[in-house]
Amino acid sequence: MARLGLAAAVLIGLAQGALGDLQTCGQAQYDPTQYVCWDNQFLCPITAGEPLSYCAGACYSKFMYTCSNNVLTLLPPATTPFTLTVDNPTLSIHGKPVTASGLHWLLDGQTSSYCPSEVGSECPPGNTTVIVASGGSAAMSVMVPGGQQVYLDPYWGVAYTQAHSATIPPGSTTTGFGAYEGGGFVNLNGNGWGWVACPPRASGGGGTAWTLVAKNATNAGILNDCPAINLKINALPSGTVGAWQYT
Ligand SMILES: *[C@@H]1O[C@H](CO)[C@@H](O)[C@H](O)[C@H]1NC(C)=O
Ligand SMILES: *[C@@H]1O[C@H](CO)[C@@H](O)[C@H](O)[C@H]1NC(C)=O
C-alpha cells in the first residue's frame with residue numbers, strides 16, 4: 001500500500017542527507033538514523049523504528065509483507081485471537097501491551113474488565129487484552145453475548161463498544177483493519193499513515209498509559225509529539241477469550 005510513498009521518502013531523504021553524519025550505499029550517501037542500506041546498493045527508510053526490508057525494487061514492512069522468491073506478498077490474515085504489543089525499539093514503551101480501558105485501547109496501561117458475580121469462576125482472567133479480527137473488522141475476544149466491536153472513533157483513537165450495546169458514535173470507522181499472521185495490526189484507512197503513540201500528559205489524570213491514535217493527512221499536524229509505532233501481533237491459541245467483557 002505505501003510503496004510509492006516510501007520511494008518518494010527515499011528521494012527526500014537523500015536531498016536532506018547533507019545535514020547528518022553520512023554513510024555511503026553504492027553511489028549514494030545516506031543518514032543511517034533514517035535509512036538502511038541493503039546489499040550496498042538499495043536504500044530503505046526506517047519508519048516507526050523499523051528499518052524497512054527490501055524486495056526486488058520495493059521497501060516493505062515485515063508487519064504486513066513478506067518477500068518470497070523476490071515477490072512482495074501480503075502476510076496471511078491472522079486467524080486466531082491475539083494480543084498486541086507496541087513495536088518501536090527507539091521508545092520506552094517498546095514491547096508493552098495494548099490495554100483495553102475506558103472503552104479505548106491504551107498503551108502500557110492496565111486492562112479493565114468485568115465479570116458478573118453470577119458467572120463467577122467461569123470468567124476468563126480478564127487481565128490481558130485479547131482481540132480477534134477477520135474480513136477487515138476487529139472485536140474484543142469476550143464472552144458477553146453480542147460481543148464488543150472495535151472501531152476508530154471520530155478522533156481516530158481505537159475504541160470498542162460497551163457490552164450489551166451496539167452504539168458507535170457518528171463519524172466512526174468500523175472497517176479497514178488488517179491483522180497479519182506473524183506481522184502486525186494495521187490501519188488501512190487513510191492511506192497508510194500508520195499508528196502513533198501519544199505520551200501521557202503531565203497534567204492529565206489518565207495515569208501513565210500512552211494513547212494510541214491512527215494518523216492521517218488531516219490530523220498529522222497535531223500529532224507531532226506522538227512517535228510512530230507498529231502494533232505487533234502475538235498469536236494465541238484458537239478460541240482464547242480474554243475477558244467476560246472489557247470496560
Ligand atoms: C493474569 O491472571 C492469571 C490468573 O490469575 C495469572 O496467571 C497471569 O499471570 C496474569 N497475567 C497478567 C499479564 O497479569
Ligand atoms: C483523520 O482523522 C481525523 C480525526 O483525528 C478525522 O476528523 C478526519 O476525518 C480523518 N481524515 C481522513 C482523511 O479520514
Side-chain angles (χ1 to χ4, degrees), residues 1-2 4-5 48 80-87 93-117 119-132 136-138 140-144 150-160 168-178 185-201 204 206-229 231-237 239-247:
M1 100 203 132
L4 291 177
T80 65
F82 52 84
T83 59
L84 292 172
T85 42
V86 175
D87 200 286
I93 53 168
H94 176 62
K96 301 294 187 187
V98 167
T99 47
S101 182
L103 303 179
H104 278 83
W105 289 7
L106 302 179
L107 306 172
D108 194 20
Q110 291 283 330
T111 294
S112 308
S113 63
Y114 170 74
C115 172
S117 54
V119 179
S121 60
E122 303 296 308
C123 285
N127 56 359
T128 58
T129 297
V130 183
I131 299 142
V132 288
S137 58
M140 308 310 288
S141 187
V142 289
M143 291 178 83
V144 68
V150 169
Y151 59 93
L152 289 186
D153 71 17
Y155 308 101
W156 281 40
V158 183
Y160 48 94
I168 293 176
S172 300
T173 307
T174 56
T175 59
F177 301 114
F185 185 82
V186 177
N187 174 34
L188 302 171
N189 300 290
N191 284 324
W193 284 71
W195 303 111
V196 296
C198 296
R201 290 192 199 185
T208 58
W210 292 48
T211 312
L212 175 67
V213 183
K215 207 168 177 178
N216 66 33
T218 315
N219 66 20
I222 58 166
L223 294 171
N224 284 333
D225 296 334
C226 304
I229 58 167
L231 294 179
K232 179 176 185 287
I233 286 192
N234 310 290
L236 294 169
T240 304
V241 178
W244 172 267
Q245 74 186 64
Y246 292 104
T247 55

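Both counts, for ligands and for their atoms, begin at 1 and track the order of listing.
- For Ser141 (side chain) and Thr240 (main-chain N/O), a donor-acceptor pair under 3.5 Å exists by modelled atom type.
- Annotation for Ala138 and Phe177: closest pair N-CD1, 4.2 Å, computed over non-hydrogen atoms.
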Please tabulate protein-ligand N/O pairs under 3.5 Å for ligand 2, atom names and distances to 0.1 Å.
from     : atom 1 : to     : atom 2 : distance (Å)
ligand 2 : 2 (O)  : Asn216 : ND2    : 2.4
ligand 2 : 2 (O)  : Asn219 : ND2    : 3.3
ligand 2 : 5 (O)  : Tyr155 : O      : 3.3
ligand 2 : 5 (O)  : Asn219 : ND2    : 3.1
ligand 2 : 11 (N) : Asn216 : ND2    : 2.9
ligand 2 : 11 (N) : Thr218 : OG1    : 3.1

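- Those atoms of ligand 1 that come under 4.0 Å of a heavy atom in Asn127, given as number and element, are 1 (C), 2 (O), 3 (C), 8 (C), 10 (C), 11 (N), 12 (C), 14 (O).
- Considering backbone and side-chain atoms together, Thr128 places no N or O closer than 3.5 Å to any N or O of ligand 1.
- By the side-chain contact (heavy atoms from CB on, under 4.5 Å) test, Thr80 pairs with Ala235, Ser238, sequence neighbours left out.
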- Task: May I have the step-by-step check of side-chain contact (heavy atoms from CB on, under 4.5 Å) for Trp156 and Asn187, ending in yes or no?
- Result: CA-CA 10 Å; Trp156 281 40; Asn187 174 34; 3.7 Å; yes

N/O donor-acceptor pairs under 3.5 Å from side chains in residues 218-226, not counting sequence neighbours:
from   : atom 1 : to     : atom 2 : distance (Å)
Asn219 : OD1    : Asn216 : N      : 2.8
Asn219 : ND2    : Ala214 : O      : 3.1
Asn224 : ND2    : Gly221 : O      : 3.2

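- Residues passing the side-chain contact (heavy atoms from CB on, under 4.5 Å) test with Pro170, sequence neighbours excluded: none.
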- Query: Do Val150 and Thr174 pass the side-chain contact (heavy atoms from CB on, under 4.5 Å) test, and can you show the C-alpha distance, the side-chain angles, and the key distance before you say yes or no?
  - Reply: CA-CA 7 Å; Val150 169; Thr174 56; over 6 Å; no

